Amino acid sequence: MPTLLSSLPVEILLKIVLFLGLRDIASCQLSCERLHTVVSGSAHVQYRRLLRKSGLCDDMEAGMSHAERLRTVERREEAWGEITFRSTRDIDVPFQPTGIYDFTGDVLLLGTAAGDPQRRTTGYAYMRLPSVGEDGASSLSWVHNEMQNEPGLRIVDIGMALHEHDMIALVTSREEEAHDNDWAISVLELRFVQFSTSAPHPKASLPVIPIARKSVLLGHCSVLVEVVGDHLALLVTYPWARGEMEDMFFLVNWKRGIADCLRVSDWGMYSHFAFLSEDTLVFPNSSARTLEINKIILPPPGDPYPPTLRVVCVLALPTMTEHSLITRVDCRGEPGPASSPTPLPAPRQRPFRNTSEDAVILFNYLVQDARRPLFGNLRAFSFVVHRRTLLSHASRAAGPRGPPARERGILDLKDVHLAEEPRLTAPPEVTTWDAWGPASTRWFEHEFPEALRWITTSAGQRCVAKTHTGPSPLVVRDFNPHNVGQLTARIGEAAGSLVLPNGNTTRVVTQPTIVSNPDVFTNDFVSELPYCETTTAENFGYDGVLMDEERILGLQVREDEIGIHSLEVHVLG
């Protein structure tokens with residue numbers, strides 16, 4: 001006897017099914033013959049299922065049918081699972097680049113020196129890279145932008161928010177004459193450029209936002225900039241000036257032109273961060289050897305208090321020896337969270353993107369033996385964890401009221417005090433490594449520190465790596481649990497590696513990785529986040545590799561080790 005549900009028109013059934021989760025859709029298919037026929041015969045439903053399994057979202061731009069979209073995702077997943085290059089292009093860098101670079105949203109950006117003898121970054125050049133389905137003979141060109149009419153101005157770092165805001169954020173420094181002493185003063189500023197026009201961004205109320213003023217050393221600071229929604233997060237550190245002063249973290253409302261210093265910390269405590277959501281960030285704490293998850297507490301509309309930053313969760317890392325010194329930490333999750341619809345749609349031939357909530361966060365650690373600071377061996381480690389795992393540990397408790405309001409504007413650093421930290425009713429307890437880490441992470445020890453030179457080596461739930469210096473294979477690791485389950489069912493957990501039709505090999509890694517390094521860690525520890533690993537049969541003599549959700553870039557570095565000389569772009573889909 002037919003049920004009320006199964007007797008509904010097909011159009012209504014499909015609308016209902018599209019609201020269901022993956023398991024519920026599978027259950028529908030098994031419930032009766034009619035639902036099985038309706039679900040399996042709908043390209044729309046199958047496309048939505050594959051998007052969820054693959055950790056993708058669709059811009060839903062007009063131009064492709066659901067059947068075409070389904071085939072496009074299927075080809076993409078197959079290409080990445082086998083490392084099948086659908087096209088390869090060689091690209092020269094016919095100008096003097098600097099060490100500044102960014103790679104996101106189909107765009108590679110390099111800082112430029114423009115003949116500056118001191119190799120200061122005075123401009124940038126970018127290129128839209130080849131995409132799937134494009135003619136291999138299509139022309140590629142670099143677009144150049146130089147800072148003009150302001151002598152002494154240099155770019156410290158660059159952040160891009162292309163899809164969400166069509167924006168490039170420039171962190172710049174310039175020197176100004178001092179009036180009260182003989183020392184030059186450096187001013188740190190933010191400038192916002194519309195990517196598509198190279199003009200000042202129309203949504204930024206101020207073309208230039210002053211951030212801080214200090215001695216000339218400010219011009220040689222290191223900064224990290226990330227943009228989510230209306231806010232830009234800016235971390236200013238001094239890796240080459242240990243005794244200079246504390247590091248600073250700013251939150252900037254770039255549309256309103258307001259900058260607030262939310263944290264001042266001891267030198268070397270924080271050197272990197274990543275957004276987990278629009279209001280949640282993770283900071284690796286090098287001093288405490290932990291991950292700190294922080295909430296940005298925004299005041300209610302009309303409230304005179306500035307935003308505050310509150311630590312809501314602390315996750316311990318494996319215990320290190322007393323003489324282990326963390327000299328550098330990088331972390332990145334691509335794509336980052338967004339708070340608004342994307343103004344720049346994905347290419348027509350690939351109308352989907354990785355979802356930020358499913359992406360992994362990649363952490364790189366460089367550790368030195370403090371007993372031999374000049375001659376100690378550097379040890380390189382990386383680990384991967386899903387963004388959603390870190391978010392699950394974050395407290396949802398409401399934040400306390402912030403400190404009294406202070407003047408907003410350019411910051412004279414001698415007036416910054418730790419007293420302006422947000423007040424806590426009680427510090428969060430530290431979650432031990434054994435309680436959160438082994439099942440949620442996967443660690444890798446690298447044979448050479450140069451493996452950590454590039455941080456843009458992950459996209460979505462995949463990471464790319466070279467395992468050795470010199471000619472060696474490319475390795476793509478996929479932490480998508482659906483793909484792990486599919487490959488496990490295909491070859492079995494104990495079957496070893498599978499040789500693919502293109503000669504590459506793939507395997508499933510479910511056994512724990514045991515990290516045993518008594519010079520760095522007090523005890524052996526395990527990590528067991530499952531992943532698929534595909535290795536190319538061909539060796540590549542790249543100096544480094546990068547990736548985004550569609551490509552792998554093989555880099556050749558200049559002889560002076562500063563900047564990229566050329567690259568190969570491998571398009572997968």
Side-chain angles (χ1 to χ4, degrees), residues 20-24 51-57 226 228-229 233 270 272-285 288-298 309-318 329 331-339 353-365 382-400 422 424-443 458-463 477-485 510 512-513 525-531:
L20 301 179
L22 292 176
R23 291 187 178 181
D24 292 332
L51 283 182
R52 295 175 190 175
K53 292 176 181 178
S54 304
L56 300 171
C57 60
E226 296 287 344
V228 174
Y270 306 106
H272 231 271
F273 68 87
F275 273 98
L276 301 180
S277 67
E278 185 182 358
D279 66 348
T280 309
L281 307 95
V282 58
F283 287 82
N285 186 323
R289 286 86 177 270
T290 60
L291 302 182
E292 292 182 3
I293 300 178
N294 292 250
K295 282 279 189 181
I296 297 172
I297 311 299
L298 297 176
L309 192 67
R310 183 164 69 96
V311 180
V312 296
C313 180
V314 180
L315 306 176
L317 297 178
V329 183
C331 62
R332 187 174 188 264
E334 178 70 15
S339 64
R353 295 194 179 98
N354 292 321
T355 57
S356 64
E357 57 269 22
D358 292 313
V360 296
I361 307 292
L362 173 65
F363 293 85
N364 290 337
Y365 281 81
S382 297
F383 75 88
V384 168
V385 59
H386 280 94
R387 178 181 267 120
R388 60 175 174 265
T389 298
L390 298 181
L391 279 171
S392 69
H393 290 281
S395 170
R396 299 184 182 276
L424 294 174
T425 55
E429 294 184 3
V430 178
T431 303
T432 65
W433 162 256
D434 290 337
W436 82 273
S440 300
T441 66
R442 180 67 70 163
W443 283 68
S458 71
Q461 299 181 74
R462 294 185 174 97
C463 302
R477 299 179 175 115
D478 185 353
F479 297 88
N480 184 324
H482 169 73
N483 292 342
V484 170
T510 57
T513 296
F525 67 93
V526 302
S527 61
E528 50 192 16
L529 181 67
Y531 64 96

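Computed from a prediction, not measured in an experiment: that's the story for all the values here. Heavy-atom basis, side chains included; hydrogens, waters and symmetry copies ignored.
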Residue set satisfying ring pair (Phe, Tyr, Trp, His ring centres under 6.0 Å) with F275, at least two apart, ordered chain then number -> none

Spatial distance of atom OH (Y531) from atom SG (C463) [nearest 0.5 Å]:
10.5 Å

Mind checking whether P428 and C313 have side chains closer than 4.5 Å, heavy atoms only?
no

Mind checking the CG-OG spacing from L362 to S458? Nearest 0.5 Å is all I need.
5.0 Å

Salt bridge (charged side-chain N to carboxylate O under 4.0 Å, His left out) filter on R387, not counting sequence neighbours, yields none

Closest non-hydrogen atom pair, D358 against Q461:
O-CG, 3.0 Å

State, with a plain yes or no, whether a side-chain heavy atom of E292 is found less than 4.5 Å away from one of Y270.
yes

Derivation of the side chain to side chain contact (heavy atoms under 4.5 Å, CB included) call for L281 and I296:
CA-CA 8 Å; L281 307 95; I296 297 172; 3.5 Å; yes

Taking all non-hydrogen atoms of both residues into account, name the closest pair between P512 and V526 and its distance.
CB-CB, 4.1 Å

Heavy-atom check, side chain of L390 versus side chain of V385, under 4.5 Å:
yes

Closest non-hydrogen atoms of N354 and C57, given as atom of the first, atom of the second and distance, are O-SG, 4.3 Å

How far does NE2 of H393 sit from CG of L276, to the nearest 0.5 angstrom?
11.0 Å

What verdict does the side chain to side chain contact (heavy atoms under 4.5 Å, CB included) test give for W433 and T290, after you've listed the backbone C-alpha separation in whole Å, the side-chain angles of each residue and the deciding distance to 0.1 Å?
CA-CA 9 Å; W433 162 256; T290 60; over 6 Å; no

Once rounded to the nearest 0.5 Å, what's the spacing between atom CG of N285 and atom CG of L317?
9.5 Å

F383 and T513, any side-chain heavy atoms less than 4.5 Å apart:
no

Residues that R477 engages under salt bridge (charged side-chain N to carboxylate O under 4.0 Å, His left out), provided they are two or more places apart
E533

Could you go through D279 and S277, starting from their C-alpha distance and side-chain angles, then the distance that decides it, and tell me whether this counts as side chain to side chain donor-acceptor pair (under 3.5 Å)?
CA-CA 5 Å; D279 66 348; S277 67; 3.1 Å; yes

To the nearest 0.5 Å, tell me how far R442 CZ sits from L529 CG.
6.5 Å

Is there side-chain contact between N483 and R462, with at least one heavy-atom pair below 4.5 Å?
yes

Quick check: closest heavy atoms across T280 and I293, and the distance to 0.1 Å?
CG2-CG2, 3.6 Å

Distance col, row T355:OG1 vs L51:CG, nearest 0.5 angstrom, shows 9.5 Å

N/O donor-acceptor pair under 3.5 Å between S392 side chain and T389 backbone:
yes

Quick check: do F273 and V329 have side-chain heavy atoms less than 4.5 Å from each other?
no

For F363 and C331 the tightest heavy-atom approach is CD2-CB, 3.4 Å

Please work out which of the three classes, parallel, tilted or perpendicular, describes the rings of W443 and Y365, given edges at 30° and 60°.
parallel

Please report the C-alpha distance between E357 and H386 in whole Å, then the side-chain angles of each, then the deciding distance to 0.1 Å, and finally whether the side chain to side chain donor-acceptor pair (under 3.5 Å) criterion is met.
CA-CA 8 Å; E357 57 269 22; H386 280 94; over 6 Å; no

Would you call V312 and N294 a side-chain contact if the rule is heavy atoms closer than 4.5 Å?
no

